[in-house]
Q: 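Handing you this structure, nothing more for now.
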Amino acid sequence: MDVSNILASHAAKYQSVTVEKETPLDVDAGFLTVTDLTPIDEDSYQSNLEDYLKSTARDGIQALIAALYGLPTQPSPDGALAQLPEPTTKLPRAKPLPKPKPPTKWERFAAAKGIQKRVREKKVWDEERQEWVNRWGKDGKNKEKEEQWIHEVKANADVDYDPVKAARDERTSRVAKNERQRLQNVARAQTAGGEREERKKDIEKTLASTRISTASMGKFDKKLEGEKKLRGVKRKFEATETSVEQEKQASLAVLAKLDSGAKGPRKGKSAGDDVLNVRKAIRTVSKGKGGVALARETHRKGAKGKRGGKR
């Protein structure tokens, strides 16, 4: 009787626990992952994809289980537990590392005085109830004065004094104070970061604009303590003496501007909006000839002056 086929199928069913490949598998027991860098066999992949994937997955799982059985273990009620090592695969972070928060006002004070942080328990013992109750929140110990059935009132208290309302107001004021301090810590932490630098730049920009707002461009203004010298700010003064040609061009530009304004009011303005009656002023200076004629006559006089100067 030939039993070779039966033995072969039985051996294929229970393969060896040793995984041998051309490229060794990269097993990271810390992350419970196995990386198979072996190139894909195209013939096996295309002929029978399902069997190829099962074989590849079987080799990876077998290598991972063999690595886990080689780790040190510790006993537990549920059985032996393997102690996983530190992961060797470096994974990229989705976000940068968080920046350390600046210490709060109380943390700085505690560090200066050497006060150790003490965590308060959420439950406290109630002698009257003989049970553990919440320190805060629903049925909290901090509401004990408000909910007690008898209150002590001072002899000099007002007639409309309400001890329950006074205890409630005291508790709510403490809550409001804690919330205000928390918001101050948040604002202080934000100011210590980039917002502080932006605010500093805005202040410097505003200060620079105020320095050049005077006629001397801040030259004779009083300097603030620690104020930096402003660079690149200069005032351009017109020359006191100019040539005849430059003076003529400046006069023509002024007359042309006045003439363009005299032709009609601009859109959105009425004729009476200007303080100066431009049309009347040009008519008076040109003796009724108009701005263009006045500019032409001024140009002609300048040309005669040039010819006379060359002689």
Side-chain angles (χ1 to χ4, degrees), residues 1-104 106-108 110-111 115-123 132 134-138 182-183 185-198:
M1 182 178 179
D2 188 6
V3 294
S4 58
N5 294 333
I6 300 175
L7 293 176
S9 62
H10 188 272
K13 186 177 180 180
Y14 300 98
Q15 295 181 12
S16 174
V17 296
T18 304
V19 179
E20 296 181 358
K21 287 198 170 187
E22 297 179 1
T23 305
L25 298 176
D26 185 8
V27 181
D28 189 353
F31 282 145
L32 300 178
T33 58
V34 178
T35 305
D36 190 356
L37 301 177
T38 305
I40 297 175
D41 187 1
E42 294 184 3
D43 297 337
S44 301
Y45 184 84
Q46 294 177 359
S47 61
N48 197 337
L49 177 60
E50 190 70 21
D51 293 342
Y52 180 78
L53 294 179
K54 286 182 179 180
S55 175
T56 306
R58 181 262 167 198
D59 293 341
I61 294 173
Q62 184 62 56
L64 178 60
I65 293 175
L68 292 178
Y69 271 100
L71 297 175
T73 59
Q74 60 182 3
S76 70
D78 298 330
L81 298 178
Q83 298 179 2
L84 298 180
E86 290 293 330
T88 58
T89 305
K90 295 183 179 180
L91 299 178
R93 286 182 59 88
K95 295 182 180 180
L97 290 172
K99 297 180 181 179
K101 295 182 179 180
T104 61
W106 164 251
E107 290 175 348
R108 293 199 303 268
I115 302 175
Q116 299 294 332
K117 184 178 180 181
R118 181 169 54 90
V119 180
R120 302 180 69 181
E121 298 293 338
K122 295 182 179 180
K123 297 282 187 178
W132 292 93
N134 295 326
R135 187 185 295 272
W136 307 282
K138 184 179 180 181
R182 186 188 70 81
L183 294 177
N185 291 331
V186 172
R188 196 178 296 111
Q190 293 177 351
T191 305
E195 294 186 2
R196 183 177 182 179
E197 297 298 329
E198 294 180 2

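Predicted model, so just to flag it, every value in this text is computed and none were measured.
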Q: What's the verdict on side chain to side chain contact (heavy atoms under 4.5 Å, CB included) for S55 and D59, showing C-alpha distance, side-chain angles and the deciding distance?
A: CA-CA 6 Å; S55 175; D59 293 341; 4.1 Å; yes
Q: How would you list, by chain and number, every residue that makes a side chain to side chain contact (heavy atoms under 4.5 Å, CB included) with Q74, sequence neighbours excluded?
A: L81, Q83
Q: Hey, what do you get for NZ (K54) to CG (L49), rounding to the nearest 0.5 Å?
A: 11.0 Å
Q: Please list, chain by chain and in numerical order, all residues satisfying side chain to side chain contact (heavy atoms under 4.5 Å, CB included) with F31, sequence neighbours excluded.
A: D28, T33, P87, T89, L91
Q: Indicate the atoms forming the closest heavy-atom contact of Y52 with D41, along with that distance.
A: OH-N, 3.5 Å
Q: Check side-chain hydrogen bond (donor to acceptor under 3.5 Å, both in side chains) between K123 and all other residues, then give those that pass, not counting sequence neighbours.
A: N134
Q: Check the pair D78, S76 against side chain to side chain donor-acceptor pair (under 3.5 Å), reporting the backbone distance first and the verdict last.
A: CA-CA 5 Å; D78 298 330; S76 70; 5.3 Å; no
Q: Are T35 and L25 close enough, and set up right, to give a side chain to side chain contact (heavy atoms under 4.5 Å, CB included), and what steps lead you there?
A: CA-CA 6 Å; T35 305; L25 298 176; over 6 Å; no
Q: The criterion is side chain to side chain contact (heavy atoms under 4.5 Å, CB included); which residues satisfy it with Q116, sequence neighbours excluded?
A: none
Q: Calculate, to the nearest 0.5 Å, the distance between atoms CD and CD1 belonging to Q46 and I40 respectively.
A: 10.5 Å
Q: Please report the closest heavy-atom contact between R93 and P98, naming both atoms and the distance.
A: NH2-CD, 4.0 Å
Q: What closest approach, in Å, do V27 and A67 show between heavy atoms, and which atom pair accounts for it?
A: CG1-CB, 3.8 Å
Q: List the residues meeting salt bridge (charged side-chain N to carboxylate O under 4.0 Å, His left out) with R135, not counting sequence neighbours, and say none if there are none.
A: none
Q: Do T56 and D36 make a side-chain contact, defined as non-hydrogen atoms from C-beta onward lying under 4.5 Å apart?
A: yes
Q: Excluding sequence neighbours, so at least two apart, what forms side chain to side chain contact (heavy atoms under 4.5 Å, CB included) with L71?
A: A29, L68, A82, L84, P85
Q: Side chains of N185 and W106: closer than 4.5 Å at any heavy-atom pair?
A: no
